[in-house]
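These notes concern the structure reproduced below.
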Amino acid sequence: MNSELKAGSLRLSEDSAATLLSINSDTPYMKCVAWYLNYDPECLLAVGQANGRVVLTSLGQDHNSKFKDLIGKEFVPKHARQCNTLAWNPLDSNWLAAGLDKHRADFSVLIWDICSKYTPDIVPMEKVRLSAGEAETTLLVTKPLYELGQNDACLSLCWLPRDQKLLLAGMHRNLAIFDLRNTSQKMFVNTKAVQGVTVDPYFHDRVASFYEGQVAIWDLRKFEKPVLTLTEQPKPLTKVAWCPTRTGLLATLTRDSNIIRLYDMQHTPTPIGDETEPTIIERSVQPCDNYIASFAWHPTSQNRMIVVTPNRTMSDFTVFERISLAWSPITSLMWACGRHLYECAEEESDNSLEKDIATKMRLRALSRTTPERVTFIRMRMVESSRHNWSGLDKQTDIQNLNEERILALQLCGWVKKGTDVDVGPFLNSLVQEGEWERAAAVALFNLDIRRAIQILNEGASSEKGDLNLNVVAMALSGYTDEKNSLWREMCSTLRLQLNNPYLCVMFAFLTSEAGAYDGVLYENKVAVRDRVAFACKFLGDAQLNKYIEKLTNEMKEAGNLEGILLTGLTKDGVDLMESYVDRTGDVQTASYCMLQGSPLDVLKDERVQYWIENYRNLLDAWRFWHKRAEFDIHRSKLDPSSKPLAQVDPNQMKKWT
């Protein structure tokens with residue numbers, strides 16, 4: 001919309017404006033107005049006056065309209081008193097209901113037929129000049145089609161959409177339903193909430209009315225009492241209105257307020273029981289800064305309303321829906337806003353690190369990939385001895401490898417099962433996988449500096465190798481054991497600038513004092529199994545036990561699965577796994593790991609059972625029925641007490657019954 005307004009236009013919002021089309025100032029003493037419901041004539045209005053008369057008038061009268069004879073027509077009660085409310089019949093558009101104040105000798109609800117041709121009661125009156133500038137003959141109609149509510153007052157009216165013969169009226173002390181097929185009888189309920197009666201356009205048995213600061217919601221099928229009474233407001237209400245474009249949304253306005261309260265009742269169309277009140281969602285919106293005199297919902301634009309202030313400024317306002325989010329079991333995200341649904345799916349990616357954990361678990365379940373069996377380390381006391389380097393004239397203290405330390409090296413992957421402690425096969429496998437830096441570090445930790453240099457040179461000359469490995473190999477070749485040498489000084493500085501953690505720990509090892517290997521042991525980017533294997537070779541019993549205990553606690557707190565090497569599938573392992581699940585949500589790994597060989601008392605831990613049941617529920621949510629059955633079979637083999645109940649044949653059950 002252009003920033004500049006046309007002459008005579010009124011700014012409603014940043015995106016909309018209103019243009020003045022017509023003014024009608026010929027109808028005095030107005031108390032209420034009702035716009036004709038049909039499109040033809042487009043601008044026909046019924047105006048209720050202080051003397052009880054109802055006048056038909058228009059805005060911008062169309063003289064070619066077949067309804068032009070209606071303009072200026074007046075409907076006059078027998079006794080003058082204020083007209084409080086008007087309501088056009090939504091089905092029979094010629095019927096107009098008027099609600100008036102009480103008169104002891106007259107009715108308060110009059111239903112007029114605006115096209116009535118009952119001649120004796122239609123009397124020519126003096127000519128009046130309308131805004132169009134031409135003279136028209138004004139007619140008075142004095143005989144209504146129906147008269148209801150004798151010796152009473154009518155404060156509000158609405159026709160019931162389900163039947164054009166039913167009229168709901170807010171009388172002085174009750175709500176009454178009049179059936180025009182039998183006007184001598186009525187259905188009513190005593191209540192003070194008789195103002196502003198209005199029917200939910202999407203649920204025709206639900207009606208709202210108010211009294212002072214209270215709103216009553218009625219179900220016409222159970223008309224004895226309100227099904228819901230909304231919170232009493234500190235100030236009197238001035239208007240309530242159902243949204244015509246949204247199911248079950250009621251707006252209310254109180255006097256001297258710039259707040260409109262919204263009550264969402266779309267999920268509670270009927271009362272559940274006599275003593276059960278339906279739940280609602282309440283919220284408030286502030287369309288403008290000034291007090292609001294009144295508001296009107298837009299008839300077709302969703303959740304849109306016009307508000308007007310006492311100084312006659314208007315605002316165009318849209319009530320935005322709350323956004324509801326929902327994750328599907330396959331990680332698609334869907335959200336709802338108004339009548340629109342939006343879906344966001346995870347993009348396909350070759351990088352597994354970028355995938356959501358639920359996607360990873362789902363893909364693992366499809367591929368039948370399960371975590372490997374894990375074992376843990378226990379140590380016994382040994383005495384150390386000095387060993388020669390390969391490629392150097394030097395000796396270093398290495399712990400004698402007893403059965404437990406050899407087992408630890410096997411678990412860490414450095415040596416194969418058996419009594420042979422040769423790391424050669426392990427180094428060859430690392431080289432084949434292109435892990436040059438790690439292979440060189442393991443060779444160095446096994447006192448084979450010549451092999452470490454050879455591996456680095458091979459890595460530098462390989463297709464995907466790093467040429468900088470030649471520089472590192474050259475630095476290693478110049479190693480000297482002198483404490484105050486320039487080499488040691490330069491390498492101590494160089495290692496802090498290296499990006500690869502294995503290259504860093506190589507120089508940390510060479511520049512460390514005997515027994516002081518913190519630069520290797522606490523380099524967190526080096527695999528736990530390599531650090532543990534290093535500790536088993538170089539740390540004494542006291543140092544090793546202290547280091548293993550400290551590292552175990554760190555792994556448990558971080559939820560690092562590599563720590564299972566230290567904790568095993570014990571209570572400590574459950575603590576570690578709990579931290580892992582809290583950090584990642586990966587109940588699949590937790591379930592399979594704990595089923596791989598945990599003692600029965602560990603399997604009965606509430607946390608373990610929680611992970612297993614959640615993973616089973618995930619498989620069901622993904623509709624992996626066969627995968628879940630396979631998991632249950634796998635679980636029952638490892639934990640016989642968890643064997644699921646046998647399924648009963650439905651045909652056999654029929655025989656029993």
Side-chain angles (χ1 to χ4, degrees), residues 372 374-380 382-460 462 465 469 472-473 476-477 479 500-512 514-515 517 519-521 523 525-541 543-544 547-548 551 562 565-566:
E372 298 180 357
V374 291
T375 321
F376 56 97
I377 299 173
R378 289 292 182 264
M379 303 294 179
R380 286 192 306 182
V382 298
E383 302 299 331
S384 62
S385 61
R386 297 184 67 79
H387 287 68
N388 293 322
W389 281 72
S390 174
L392 282 179
D393 183 15
K394 177 184 177 181
Q395 288 187 331
T396 298
D397 287 337
I398 293 182
Q399 302 299 315
N400 293 326
L401 298 179
N402 62 3
E403 182 179 348
E404 283 77 16
R405 296 202 181 215
I406 293 175
L407 176 60
L409 292 178
Q410 292 172 352
L411 294 175
C412 294
W414 279 25
V415 298
K416 293 183 177 181
K417 291 183 179 180
T419 58
D420 189 6
V421 292
D422 181 20
V423 297
F426 179 54
L427 295 178
N428 293 335
S429 66
L430 293 178
V431 168
Q432 290 178 359
E433 294 172 3
E435 297 187 55
W436 313 102
E437 297 87 348
R438 185 183 177 196
V442 174
L444 190 67
F445 297 156
N446 284 273
L447 308 186
D448 194 345
I449 193 171
R450 187 183 301 279
R451 180 73 171 115
I453 294 172
Q454 178 186 353
I455 291 172
L456 292 174
N457 287 328
E458 290 179 11
S462 67
L469 295 181
V472 178
L476 285 181
S477 64
Y479 171 73
N500 188 282
Y502 282 96
L503 298 181
C504 293
V505 296
M506 289 171 65
F507 288 104
F509 173 60
L510 291 175
T511 57
S512 298
Y517 300 116
V520 178
L521 297 172
E523 175 52 68
K525 294 181 180 180
V526 171
V528 170
R529 56 188 180 274
D530 292 334
R531 287 187 277 161
V532 170
F534 177 90
C536 290
K537 290 182 70 71
F538 291 97
L539 295 187
D541 296 328
Q543 282 183 300
L544 181 59
Y547 174 70
I548 293 296
L551 185 60
E562 289 188 282
L565 180 72
L566 305 173

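Residue numbers start at 1 and run along the sequence shown.
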Value for CZ (Arg451) from CD (Glu458), rounded to nearest 0.5 Å, stands at 6.0 Å

Notebook entry, point to check: Do side-chain atoms of Arg529 reach the backbone of Leu565 as a donor and acceptor pair under 3.5 angstrom?
Noted result: no

Output for pair (Asn446 CG, Trp414 CH2), nearest 0.5 Å, gives 5.5 Å

Between the OH atom in Tyr547 and the CG atom in Leu539, the distance rounded to the nearest 0.5 Å is 8.0 Å

Under the side-chain contact (heavy atoms from CB on, under 4.5 Å) rule, what do Phe534 and Val505 come out as? Steps first, then yes or no, please.
CA-CA 11 Å; Phe534 177 90; Val505 296; over 6 Å; no

Here the gap from Leu566 atom CG to Leu411 atom CG, rounded to the nearest 0.5 Å, amounts to 10.0 Å

What one should report as the nearest heavy-atom pair of Ala443 and Ala452 is CB-N, 3.9 Å

Rounded to the nearest 0.5 Å, the CD atom of Glu435 sits from the CG atom of Leu427 at a distance of 11.5 Å

Does the Tyr517 side chain pair with the main chain of Phe538, one donor and one acceptor, at a distance under 3.5 Å? no

Counting only N and O atoms by type, is there a donor-acceptor contact under 3.5 Å from the side chain of Asp422 to the main-chain atoms of Gly424? yes

d(Ile455 CD1, Leu469 CG) to nearest 0.5 Å is 11.0 Å

Of all heavy-atom pairs linking Phe445 and Lys537, the shortest is O-CE, 3.8 Å

Taking every heavy atom of Ala441 against every heavy atom of Tyr502, the minimum-distance pair comes out as CB-CD2, 3.8 Å

* To do: Take Glu404 and Leu407 through the test side-chain contact (heavy atoms from CB on, under 4.5 Å) and record every step on the way to the result.
  => CA-CA 5 Å; Glu404 283 77 16; Leu407 176 60; 5.5 Å; no

Smallest heavy-atom separation, Arg438 atom then Leu430 atom, equals NH1-CD2, 3.7 Å

Smallest heavy-atom separation, Leu521 atom then Ala535 atom, equals CD2-CB, 3.9 Å

For Cys536 and Arg405 the tightest heavy-atom approach is O-NH1, 2.6 Å

Test item: Leu456 and Leu503 side chains (from C-beta on) under 4.5 Å apart, heavy atoms: yes

